[in-house]
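Data block below; observations after.
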Amino acid sequence: MQDAQLRTGRRSGRSGPRRAPGDLAASPFRADRDRVSSSAFFARLGGVTQVVSPSGSGLLLHNRLTHSLKVAQVARAIAERLVADPVDLAKMDRLGGCDLDVVEAAGLGHDLGHPPFGHLGESVLDRLARQRFALPDGFEGNAQSYRVVTRIDVRGTDGDGLDLTAAVRAALLKYPWTRLSEPQPHPRHMPVPPRGASEPDEAPGTGSAKFSCYRTELDDMVDARSPFRGLLADWQQTVEASVMDTADDIAYAIHDLEDFHRVGILQHTSVSHELTEWLGHAVEFAGRSDADLAGEELRPGCSLERLRRRLHAKDGWIADDEAFVSAVKKVVANLVTKLLEVPFDRSQQAEQAVAAFSGEWTQRLVEGIQVVEEPPTRSGHVALAVEQWHEVQVLKFVHRRFVLQRPDLALHQRGQDRLLSKLVEALDNWLIDRSEAARLPHRLRDLFDRARAELVVLHRDAPELLVQPGEQVELDAAHMERMARGRAVIDFVASLTDDQAAALLEALSGRTTRLWNDTFVL
Ligand SMILES: Cc1cn([C@H]2C[C@H](O)[C@@H](COP(=O)(O)OP(=O)(O)OP(=O)(O)O)O2)c(=O)[nH]c1=O
């Protein structure tokens, strides 16, 4: 492993095993884990949507807090297994190391910046950031998590962020690049870009679909990655980030299905039909053209065939038909037959079936993790083996096809889109209103001051990065102020829970008569 002192380096200049004021743990990585889990941003995740809002689903479904706890648990279990094998340990040491507390801290912290209403919130805030406020960096949940730990969250009175060690900050960087410019050459231009680095088909020119760092935190990303220079390519995840990323995939592939079985949304018949029809006619499906398939969208088995094709097109380095067939068979045996056949009625037997499903799959997937010294560009150094990789794809497919594509969920999300858009507009108007300057929420004012100062520095150092590709704008005072307001409002909204966002809009719209309540603190 490279110099351990470098991995424990903090931005404040502290490094090594000395205990910093306020830390109970002596180990710097354990201290980081505690810093994350005692943060108010972490507690907030209990009120943030994983797939469906916690306020609408009670305790039946996972929220971003229970999800993060699972990711941390799975990440630690993966790391424990890998470090116990001397061959894997030696490989990981050559790549920069794998520490149990680092992966656990990254698992706990990976969603700190997730906005209200989960993925829907992410895409609404990104659209508003780019279109309403002309911010080229837009919004991205992973980049926001990095901004929270390095800038917005606080501990004690000295400096910004949680002042985490380099190894933990690097482990949070699932997509270690900015949207448009860094590192150079930008990974979206690679012949086969890493996962997440390509531009979305529907938004050409906007940069990578996923990225872990806004341009404003670039210096921090470079610092966090410096211990790994020479061991990993600039665009490659650290081993610890790969462990966290894989744990994230495993955790939600399993718990999303468990959740929707509990609430009775995942119907045995329709899931069973889709999978068994495809298994029964796999050869016939394979012979059909894409156009034929598109014309038969509702026929059971078609969607699964489209998944098989997509895996070949995007992940030809691993996609394998034999492994796909066995994965579908395994999901039929373990999900359709063992779990979905008996409706969930909250009996002990039903709870046991869910626990068995979740326990057996987690164990199987964790045992299928391997260290790869020279992975293809779309994979990390720590990855699922071929069989388990296909199983995760099929589990995620079932969730996408039978939960995420439901019209009732779409209806709900259209309402959330409107709610967030109106909230952003109302807060922006409040910031514009000069007569209210002295009565602005203090937090919003602090965020505005921070955003304005950051933009001044960017304007001085790299003004071209303040203009969206293909746009012509004058970076005058009014434009700079618009961008600063945008970043402040987006930071503010992204740090609310689902309920806080709804209550705040109620208040700003004059629809509530309650003045002092604990729903939100301004
Ligand atoms: C794509 C998508 C995911 N989800 C849910 C399913 C999972 O529980 C969870 C997956 O999202 P994330 O946990 O954010 O993970 P990811 O790996 O897909 O993305 P990233 O790397 O940016 O973190 O969100 C939705 O509810 N709606 C959607 O449209």
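Atoms within a ligand are numbered from 1 in the order they appear, just like the ligands themselves.
Side chains of His399 and His255: a donor-acceptor N/O pair is absent below 3.5 angstrom, by distance only. His110 and Asn142 share no side-chain donor-acceptor pair at under 3.5 Å. With hydrogens and angles left out, the side-chain atoms of Glu367 and Gln363 include a donor and acceptor closer than 3.5 Å. For the residue pair Arg401/Ser303, the side-chain donor-acceptor check at 3.5 Å is satisfied. At a cut-off of 3.5 Å, with distance as the only test, a side-chain donor of Asp153 or Ser39 sits close to an acceptor on the other residue.
Scanning all protein heavy atoms for the shortest distance to atom 24 (O) of ligand 1 gives His119 CD2, 3.1 Å. The single protein non-hydrogen atom nearest to atom 27 (N) of ligand 1 is Leu404 CD2, 3.6 Å, given as residue, atom name and distance.
Every atom of ligand 1 with a heavy atom of Asp256 under 4.0 Å away is listed here by number and element: 6 (C), 7 (C), 8 (O). Short contacts between ligand 1 and Gln50, defined as distances under 4.0 Å to a heavy atom of the residue, involve ligand atoms 5 (C), 7 (C), 8 (O), 9 (C), 24 (O), 26 (O). For ligand 1, the atoms closer than 4.0 angstrom to any heavy atom of Lys210 are 16 (P), 18 (O), 19 (O), 20 (P), 21 (O), 22 (O). Ligand-side atoms of ligand 1 in range of Lys174: 17 (O), 20 (P), 21 (O), 23 (O), range being under 4.0 angstrom from any heavy atom. Near His114, meaning under 4.0 Å from one of its heavy atoms, ligand 1 places the atoms 14 (O). Taking every non-hydrogen atom of Val51 and a distance limit under 4.0 Å, the qualifying atoms of ligand 1 come out as 5 (C), 6 (C), 8 (O), 26 (O).
For atom 18 (O) of ligand 1, the choice among Tyr175, Tyr252, Phe117, Phe211 with the nearest heavy atom turns out to be Tyr252.
Heavy atoms of Lys396 come nearer than 4.0 angstrom to ligand 1 in no pair at all. The shortest heavy-atom distance from Arg64 to ligand 1 is under 4.0 Å.
Note: an N/O pair closer than 3.5 Å links Asn142 and ligand 1 by distance alone.
Counting only heavy atoms from C-beta outward, the side chains of Thr377 and Trp235 approach each other to under 4.5 Å.
Between Asp137 and Arg215 there is no salt bridge, since none of the side-chain N atoms of the basic residue sits less than 4.0 Å from a carboxylate O of the acidic one. Looking at Arg30 and Asp101, a side-chain N of the basic residue comes within less than 4.0 Å of a carboxylate O on the acidic one, giving a salt bridge.
In this structure, Arg487 forms a cation-pi arrangement with Tyr214, its terminal cationic atom sitting closer than 6.0 Å to the ring centre and no more than 45° off the ring axis.
Looking at Asp248 against ligand 1, only its side chain comes within 4.0 Å, counting heavy atoms.
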